[in-house]
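Each ligand, and each atom within it, is numbered from 1 in the order the structure gives.
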Amino acid sequence: MVWDVEVKLQTRDYESHMKIKPFLTEHFFARYEFTASHLLASSDCETTSIAELLSLSGGSLADFGAVKLGYTESQGHPEYRRLVAEMYENVSADDVVILTSPVEGIYLTMQTLLEDSDEVIALSPAYDALHHVADHLCGKFALWQLVPTAAGWQMDLDRLRTLVNSKTRLIIVNFPHNPTGYQPERDELQELIEIARENDCWLFCDEIYRGLEPEFQLGAAIPSVADAYEKAIVLNGLSKTFGLPGLRAGWLVIRDGQVREELIGWKHYTTICPAAPTEYLAIQALSVRDHLAERSREMVFSNLALCSSFMERHPALFRWRPPIAGSTALVEIDMTQLGREQKQRFTSTLEYCHALAQGHGILLLPGECLGCPPRFVRIGLGREGFAEAMLAWEATLS
Ligand SMILES: Cc1ncc(COP(=O)(O)O)c(C=O)c1O
């Protein structure tokens, strides 16, 4: 089966800059996330408490209690930035900008880089913000589709070469990829960087799922784009791999000093500086980052094994392309088979996911939220209770 959404150059389909497309993923989660019994859609990994984090890092609640609630440094605490820089090969603490949430980094980057006369190319499907902010700001926004294969997903670098031109200011990617779990090979990443370099484009790489590669602890994972390309802006944070989304801790790596200063200028209009309690806890978390990431990897890969055997039990219903890395997978559903036994027809996965959430308290994310055709759902692999949630879902299928 082929991906039947046409890759096309999209010109803005609304008249003024006053409206941005709705953030469908957030709208969907807002409706069900805190009431559903079975969370099968989440992209973050299982979290931890403040007390547990401090006991892991050797910090204390008394020290945390002593944190002063004054303003902090706009670029972020030097120790926090030093610990972040340690996660890269060619990055110094000066290259790091601490954010008040990972998603803030997408907004700030697009505001800093883009004008009406610019063209942008973005890998698709994608986390909503990676498309909509750029699409809102630039003159022309092109989707660059990941291509489904029999067993997985692939970047079409030839296609990228036909999309890129002298007006292309920015290419937006996300590796490991949400929702497909795609991760390029080392030489594919290098070729992508070469295309950006030849065309003098910025490359924004969202690496928020970095560390969730099975081979990460062996040091065999592909390099961070921050280490490999001088015109890269790289996003990361503690929400996914490290399981701490409630901290709202994120950062950008920007090695170009001028762009970094401009971006901090935009930050003065959003959050000014990171929250002091978050900075304290983020420093604690980064001091035990390997432990936190290892815990998440174990959870993701044991849930992935359960998910694969579930998919193998239903070959007529699901087309399974197992993820290579990250905490999510994108599953294709044969909509003609769905609900057949119950004599219930669904015209789209959006309709199906609403019905599943409302009727059974099971949360899957409709692929439509991420720009997929209406026969895909995203499964999140990072949470506890996955086996029970899969059983509950399976019970609705027959
Ligand atoms: C690819 C990607 N980037 C950025 C974010 C934003 O992270 P946060 O919600 O913690 O700001 C998400 C969250 O789902 C994501 O999937």
Taking NZ, NE, NH1 and NH2 as the nitrogens, is one of them in [X] or [Y] under 4.0 Å from a carboxylate oxygen of the other?
{"X": "Glu119", "Y": "Arg169", "result": "no"}
{"X": "Asp334", "Y": "Arg319", "result": "no"}
{"X": "Lys231", "Y": "Asp256", "result": "no"}
{"X": "Arg295", "Y": "Glu298", "result": "no"}

Protein residues having a heavy atom less than 4.0 Å from any atom of ligand 1: Ser43, Pro102, Val103, Tyr127, Asn174, Asn178, Asp206, Ile208, Tyr209, Ser239, Lys240, Arg248
Phe310 and Trp393 aromatic ring geometry - parallel, tilted or perpendicular at 30°/60° bounds: parallel
Whichever hydrophobic residues join Leu39 through chains of side-chain contacts under 4.5 Å: Phe28, Phe29, Tyr32, Leu363, Leu365, Leu370
